[in-house]
Structures are given as structure tokens and as C-alpha cells.
Amino acid sequence: MTGMEIDIEKNIQRKRSTYQSLDETFDIQNETYRGQQYSQIYFARLHLMRTLLYSLVTHWKPHVPVCTVLGLEEGKECIIVGTLYKHMKLKPCVLDEYSKERSAVPLVKPHNFMHPDDHLVLEDESGRVKLGGTVLSPSKYVTGGVVALHGKETTAGDFLVLDVFEAGLAPQIEPQLKSREDKYVVFVSGVSVGSSTSNPLQFQLLVDHITGHLGDDQEQGIAAEIVHVVFAGNSVEIPSGLLNGQNLASKDQSRLSEPVQELDIWLTQIAAGVSVDIMPGSNDPANFALPQQPLNRCLFPGSRAYNTFNLCTNPHCFELDGVRFLGTSGQNIDDLKKYSEARDELEFMERTLKWRHLAPTAPNTLGSEGQLVRLISVPKFCDTGIAVVLNLRNLECHTLSFGAQFSP
């Protein structure tokens, strides 16, 4: 046992929970690129979702016939099922990116590519048709979603949409919310160790709270009810100037590894007393495209010594005491922000559930029948000092806020 481990066991008697990783879905094993770009992914998505939607539309509009895009007849009402494609005037392409490198004037807005002239198209294997009417708002939808549309073909050859049917939430496993005692899961995102905005003192306060080294007996009692911690991506930030493809000097190699070494020290403190998951994010040393694979164990010589330390995929799925969790490091929601509009992040997240697609904009599990779902948007810790806590007993959430002044 390490000194840290002994100290924790003397101070708090931590509650236990049953944990099971379900990340096999996102593991990449022996996949090879076959040269068809993303066509096979879109085909597989359409085949899976269309089979599901066909089984549901018979209850939605039982007297309306279902046909393909090629089988449309002018003025005849029907239901078509296919993949949405969004024509966007401002959407960047390879030529735009090339031109941008040669020009000082940006060609697109960096935060959002929406334009009033955007319009939607529905596509299946037989063809594609432009969608019209006011029912289907281009500002809400993105390329990649599979939907069923009730409407009719117009004289102009467009499909006038009269109603929209989305897959909705999937049937849910029975949540085991039978525990009469409080057990908490802590979610932290965007610690960004190594960045200019990262505050070591703030992070240490979080670690001390989780491990029961902060506060009086009451605070330690609350810490004892923390059964799991999830670091949801962007845990480190490597100085971008070092990643320029050139050979690094020895001093620069040290700077490259320092953020990860510092993160490992903190994670070791947590893993010594409570189970912890760490997911990769867009800034972490992992593959870039979703699904991101787990960070390499060699990066965490201290933390990996504990069987409570779990290196996870992004997206990450697991069960804890019968409650299923599914989350990402945020790239899918960031992308939806670029190509559609919503009130806030939670509305974007809700749409992914109703569409039954976690990342519809990516070239690539969660009905409204009493399902119980808690949506959690975790803020960036290095900017806010906030972590989110979920109670497994009733799925209620609250935040932990840590404020600290730090001068690098």
C-alpha cells in the first residue's frame, strides 16, 4: 500500500458500487479503409434506421402508403424514409480551406455555418428529392439524420412535407433506482493541465474534496459517498507550438510530457481511493476521429498501478449499480452547434436522443414511453472551476464549485 492509500482508509469508509464498462461498441479492431469514403457508413445507418422506422410508421400513419423517392407521384400523399442532407452555402470544403491558407480574409464564420438559403434534401438508394414547406426547419436538422416524412410531390418536383416522424428514444433497460442511500458520481471536463488557463490549486482542491482531505467530518462523510469519477476529455493541453512536425530538442520533449506527468500525479491520488474513468478529448494525445480510442497506459505510470483506474473510449458507455451512462467529450455537440441552431447544449443533446444518433454530423442507443433520462452538460473546469455531481439514488444533480487565485 502507498502512504496515500493508507491515509484514505483511515479517514473515510467509502461506499462501494458495481461498475461495468460497455465500451466494446466503440473499440476499433481490424477495421480497414476500403476506398469508398463514407458511403458504406451512410448505407449501414440508413438500413438500420429505416428498418426501425418502417416498424413505427405503421402506428404513426397506418393509412398512408410508404414509398421510395423514385416511386413518388405528383399530388399523391405518402411516407418516405431516408437520410437528410443539408445544402449549406457557408459550409467549408477542401477548396475553401486551400483558399483560406492563401488569403488573410476568412471565408466562413468560425463559429457557425448557418445561412438563410440553406435547404434540406432527403436521400435513399433510389434517389434524392428537395424538401419544401414550413414543417421541416433547416435550422434544426443536420446532414446524416434518418427520418420518416409524410407529404406529397409538387408540380416543381419537390416534396412538400406535411409531417415529420423521428425514431424517438429507444426502449430502455429498467433503471435500478432502488437504493435508499446516496451514492454520487462526479463528472469533470476540460481540466486542460498545461494550458495557460489551468489552475493547479483549483484542481488540487477538487482532488482533495474527492479523496476526503478537505473540510470537516461532515465534508468527509459526503466524500465517502462518492463512488465514481469521470474525466470527460480534454484533460491535458500540449503547447501547440511544439507540434509542428519538426524534431524536438530535449528541453521541448520535456515540455511535451510535463502536462501528462502532472495529470498522472493527480489521478493517482484519486484512483487510490475511488474508481476513475478517463476519456480522451479533442486536445488529448489520442486519435482525432470518433470513436476515439483509450489513452495509452504508458502515459500514466502512477495511476495504472490501481485497478480502479479505467482508460475509456470516447464515446464512453458504462453501468453503475444498474444505471447506464452514455457520454462523449463534446465533439458531437460542438459540431451540431456549427451546422444547426438550438437554445442551448441540452437541446442539442436531446435531439441526438430523438434521432437515435449520437453524432449525426460525423461520418459514421439511447420512445417516449416513460423512459427516464438525465441529460448532463459538463462545463469546462479550467474556465469555471465547476464539476457536476449525480446522485445514483434519484438521478438528481448539483455542482461543485472551486474558486482559487493563482498566478503562474
Side-chain angles (χ1 to χ4, degrees), residues 8 11-21 175-192 199 201-235 263 266-267 269-279 281 308-310 312 314-330 333 344-346 349 372-404:
I8 289 175
N11 279 288
I12 60 175
Q13 293 297 319
R14 193 175 295 277
K15 293 181 179 178
R16 301 297 179 183
S17 61
T18 303
Y19 172 87
Q20 179 184 6
S21 174
Q176 304 296 318
L177 301 179
K178 299 177 181 178
S179 173
R180 295 186 178 181
E181 58 179 354
D182 294 322
K183 291 183 181 181
Y184 296 105
V185 183
V186 178
F187 296 92
V188 192
S189 180
V191 176
S192 298
N199 188 329
L201 179 56
Q202 205 170 44
F203 193 10
Q204 187 63 60
L205 288 173
L206 170 65
V207 173
D208 288 345
H209 176 81
I210 293 172
T211 57
H213 289 79
L214 191 67
D216 53 18
D217 291 342
Q218 182 180 359
E219 288 292 324
Q220 291 186 358
I222 295 173
E225 295 172 341
I226 297 174
V227 296
H228 198 70
V229 182
V230 178
F231 284 86
N234 293 337
S235 298
L263 176 66
W266 274 315
L267 292 178
Q269 297 177 50
I270 299 175
V274 62
S275 64
V276 54
D277 292 350
I278 180 166
M279 301 164 55
T308 53
F309 181 68
N310 307 299
C312 309
N314 174 35
H316 176 36
C317 186
F318 64 96
E319 283 188 13
L320 200 62
D321 285 357
V323 178
R324 180 169 295 183
F325 294 78
L326 174 64
T328 73
S329 297
I333 304 303
D344 49 35
E345 281 81 359
L346 289 178
M349 295 168 66
L372 181 62
V373 178
R374 172 67 69 191
L375 298 177
I376 303 174
S377 179
V378 185
K380 194 174 182 179
F381 186 83
C382 68
D383 292 339
T384 65
I386 292 176
V388 178
V389 181
L390 173 77
N391 192 338
L392 286 174
R393 179 172 61 85
N394 51 20
L395 301 188
E396 290 184 356
C397 287
H398 67 271
T399 60
L400 294 174
S401 181
F402 300 90

Are any side-chain N or O atoms of [X] and backbone N or O atoms of [Y], one a donor and one an acceptor, separated by less than 3.5 Å?
X	Y	value
Asp208	Leu214	no
Asp321	Thr18	yes
Glu345	Ser377	no
Asn310	Cys312	no
Arg14	Ala223	yes
Thr384	Ile386	yes

Measuring only between side-chain heavy atoms, which start at C-beta, is [X] closer than 4.5 Å to [Y]?
X	Y	value
Val388	Val188	no
Ile270	Val207	yes
Glu181	Lys15	yes
Gln204	Trp266	yes
Ile210	Val229	yes
His316	Met279	yes
Asn199	Cys382	no
Phe402	Phe203	no

Rounded to the nearest 0.5 Å, what separation is found between the [atom1] atom of [X] and the [atom2] atom of [Y]?
X	Y	atom1	atom2	value
Ile226	Thr211	CD1	OG1	9.0 Å
Ile278	Leu263	CD1	CG	5.0 Å
Asn391	Tyr184	CG	OH	4.5 Å
Leu400	His398	CG	NE2	5.0 Å
His213	Gln269	NE2	CD	8.5 Å

Those residues that, when tested against Glu319, pass side-chain hydrogen bond (donor to acceptor under 3.5 Å, both in side chains) (two or more places apart): Arg324
Ser17 meets the side-chain hydrogen bond (donor to acceptor under 3.5 Å, both in side chains) criterion, sequence neighbours left out, with none
Search all heavy atoms of [X] against all heavy atoms of [Y] and return the closest pair with its distance.
X	Y	answer
Val389	Val186	CG2-CG2, 4.1 Å
Gly385	Gln202	CA-NE2, 3.5 Å
Phe309	Ala271	CB-CB, 4.2 Å
Ile376	Met349	O-CE, 3.2 Å
Thr328	Asn314	CA-OD1, 3.2 Å

Starting from the C-alpha separation in whole Å, work towards a yes-or-no answer on side chain to side chain contact (heavy atoms under 4.5 Å, CB included) for Leu320 and Leu392. CA-CA 8 Å; Leu320 200 62; Leu392 286 174; 3.8 Å; yes
Name the orientation class of the two ring planes belonging to Phe325 and Phe187 (parallel below 30°, tilted from 30 to 60°, perpendicular beyond 60°). tilted
Flag the pair Phe318 / His228 as yes when their ring centroid distance falls below 6.0 Å, and as no otherwise. yes
With sequence neighbours left out, what residues match Lys380 under salt bridge (charged side-chain N to carboxylate O under 4.0 Å, His left out)? none
